[in-house]
> 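The following block contains the structure, expressed as structure tokens.
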2 protein chains.
Amino acid sequence: MSVQIDALDRKILAALQEDASRSLDEIARLVGSSKTPVWTRIRKLREAGVIGRQTVLLDAEALGLEACFFVLIRTSEHEAGWQKKFLAALRARPEVLEAHRLAGEIDYILKVRVRNARAYDAFYQALISEVRIYNVTALLSMEEIKATTLLPLEQVPSGS
Amino acid sequence: MSVQIDALDRKILAALQEDASRSLDEIARLVGSSKTPVWTRIRKLREAGVIGRQTVLLDAEALGLEACFFVLIRTSEHEAGWQKKFLAALRARPEVLEAHRLAGEIDYILKVRVRNARAYDAFYQALISEVRIYNVTALLSMEEIKATTLLPLEQVPSGS
DNA sequence: CTTGAAAGCGATAACAC
DNA sequence: GTGTTATCGCTTTCAAG
């Protein structure tokens, strides 16, 4: 089960995910509280794992990682050994930014960031040489309309 | 292309995206330099937009946002007016974490985070009542195998 | 590039409400 | 539990060697 999150926690989380460089004082002011209680709550949320990694979002395009693919994968193999190997391969490859196991006829979806189409092909060839895959469809992104890490906290149920 | 990124910049970016709460001193030590040059470079990278938002990653499951859908969208409409309205609708909805316009027969892909299947349906109904959509396939994630915001900086070209 | 220094902040404790 | 105040040492930021 989750953790008890009340309205104040939610405000703190919202302030933090919007800008994690804010000082304790600023967050306290924003949420209408003061330093100590805010600090205690942040510590608890961190310990509970609700607050995870603190990071900086980089501009992939500016860094020359100009191609983004969504990869739909079907497999005929469903034994534990194959799956374990497949997951390990995905986790080991840094160009795989997301990987999900799906319900339905498509088994997996990946999001892959690379320099260009050639780099994607190199990734693809390497992957299929490591594990057997039945069917792959690559969807090339033409335009990133939206990309956010901000969770919709308004929709989070309040802990009793 | 945008900015000159050298090996030192890349190390700094790697250190920062891995843990943005690190102090300047620590980063300087990690990358084998000292405070001021590191600080100057970070400032420039920020101004150039290479370094963007500083944030904290929250655990969606722990917050009760337990369902994640990838939504494949086909449309028959391609005029500017329709597209503008569609993009505005996506940007306005906080449960849409990602949206891409694609090449190929599928026109758009969305990543949507909600509490449960019912909340997804509410989102879906609201969306199709706002803009006309030809065909929608929702892929439900059963397991998040990997989800990272860390870009593969090893693969970033130097200079240029 | 390095030193250094002023201002600010994080992390906690003591105490009152 | 929350708010106030005060503390110490570290950090950011920037000027000048």
Side-chain angles (χ1 to χ4, degrees), chain A residues 1-59 62-63 149-151 153-154 156-160, chain B residues 2-59 62-64 149-151 153 156 158-160:
Chain A
M1 250 310 268
S2 332
V3 200
Q4 308 266 13
I5 305 287
D6 67 10
L8 184 55
D9 288 322
R10 225 177 304 142
K11 282 191 202 167
I12 293 171
L13 292 172
L16 268 180
Q17 72 172 348
E18 200 190 291
D19 180 0
S21 74
R22 288 205 246 248
S23 74
L24 267 187
D25 267 330
E26 197 181 349
I27 294 168
R29 195 173 43 72
L30 283 170
V31 305
S33 182
S34 63
K35 276 173 77 166
T36 315
V38 169
W39 186 79
T40 318
R41 280 159 182 266
I42 290 177
R43 224 167 52 76
K44 276 181 190 157
L45 290 165
R46 235 195 285 266
E47 273 161 20
V50 176
I51 296 178
R53 183 196 290 277
Q54 182 165 339
T55 191
V56 118
L57 302 181
L58 305 181
D59 183 335
L63 288 165
T149 61
L150 305 185
L151 297 179
L153 294 176
E154 322 85 51
V156 165
S158 315
S160 49
Chain B
S2 315
V3 204
Q4 308 266 13
I5 304 286
D6 67 9
L8 184 54
D9 288 322
R10 224 177 303 140
K11 282 191 202 167
I12 293 171
L13 292 173
L16 266 181
Q17 72 172 348
E18 200 190 293
D19 180 1
S21 74
R22 288 204 247 247
S23 73
L24 264 187
D25 266 329
E26 196 180 350
I27 294 168
R29 194 173 43 73
L30 284 171
V31 305
S33 180
S34 61
K35 280 169 67 168
T36 315
V38 170
W39 186 76
T40 318
R41 281 160 182 264
I42 290 177
R43 173 161 277 301
K44 277 183 191 154
L45 289 165
R46 237 195 284 266
E47 273 160 18
V50 176
I51 296 179
R53 184 195 290 277
Q54 182 165 342
T55 191
V56 118
L57 302 180
L58 304 182
D59 182 335
L63 288 166
T149 62
L150 305 185
L151 297 179
L153 295 176
V156 165
S158 317
S160 129

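In this text the structure is predicted, and so the values were computed from the model without any measurement. Letters go in sequence order (proteins before strands), and every chain restarts at 1.
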> Search all heavy atoms of A/Val156 against all heavy atoms of B/Leu63 and return the closest pair with its distance.
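Scanning both residues, the minimum pair turns out to be CG1-O, 3.1 Å.
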> For B/Arg53 and A/Glu18, indicate whether the former's side chain and the latter's backbone hold a donor-acceptor pair under 3.5 Å.
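Answer holds: yes.
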> Taking atom C1' of D/dT12 as reference, at what distance in whole Å does atom CZ of A/Arg22 sit?
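From A/Arg22 CZ to D/dT12 C1': 19 Å.
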> Check whether any side-chain N or O of A/Thr55 sits under 3.5 Å from a backbone N or O of B/Gln17 as a donor-acceptor pair, and report yes or no.
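Present.
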> Given B/Arg22, which of B/Asp19, B/Leu24, B/Asp25 fulfils the side-chain contact (heavy atoms from CB on, under 4.5 Å) condition?
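Of the listed options, the one satisfying the test is B/Asp19.
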> So, is A/Arg41 close to the D/dT2 phosphate, meaning a side-chain N or O under 4.0 Å from OP1 or OP2?
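Yes.
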> With a 4.5 Å limit on heavy-atom distance, are the side chains of A/Val38 and A/Leu8 in contact?
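Not in contact.
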> Anything under 4.0 Å to a heavy atom of chain A counts; send over the first and last such nucleotide of DNA chain C, read 5' to 3'.
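First-to-last contact on DNA chain C, by the 4.0 Å heavy-atom rule, is C/dC9 to C/dA13.
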> Would you compute the distance between atom CG of B/Leu13 and atom CG of B/Leu150 and round it to the nearest 0.5 angstrom?
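One finds 12.0 Å between CG of B/Leu13 and CG of B/Leu150.
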> Take atom CD1 of B/Ile42 and atom C1' of D/dT13, then tell me their distance rounded to the nearest Å.
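Taking CD1 of B/Ile42 and C1' of D/dT13, I get 12 Å after rounding.
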> Of B/Thr149, B/Leu58, B/Val56, which is the lone residue that meets side-chain contact (heavy atoms from CB on, under 4.5 Å) with A/Thr149?
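The residue from B/Thr149, B/Leu58, B/Val56 that satisfies side-chain contact (heavy atoms from CB on, under 4.5 Å) with A/Thr149 turns out to be B/Thr149.
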> According to salt bridge (Lys or Arg N to Asp or Glu O under 4.0 Å), does anything in residues 34-44 of chain A pair up with another residue at least two apart or in another chain? List the pairs.
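Residue pairs passing salt bridge (Lys or Arg N to Asp or Glu O under 4.0 Å), neighbours aside: A/Asp6-A/Arg41, A/Asp9-A/Arg41, A/Arg43-A/Glu47.
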> Which residues, if any, of residues 24-38 of chain A bring a heavy atom under 4.0 Å of DNA chain C?
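Listed by number, they are A/Leu24, A/Lys35, A/Thr36.
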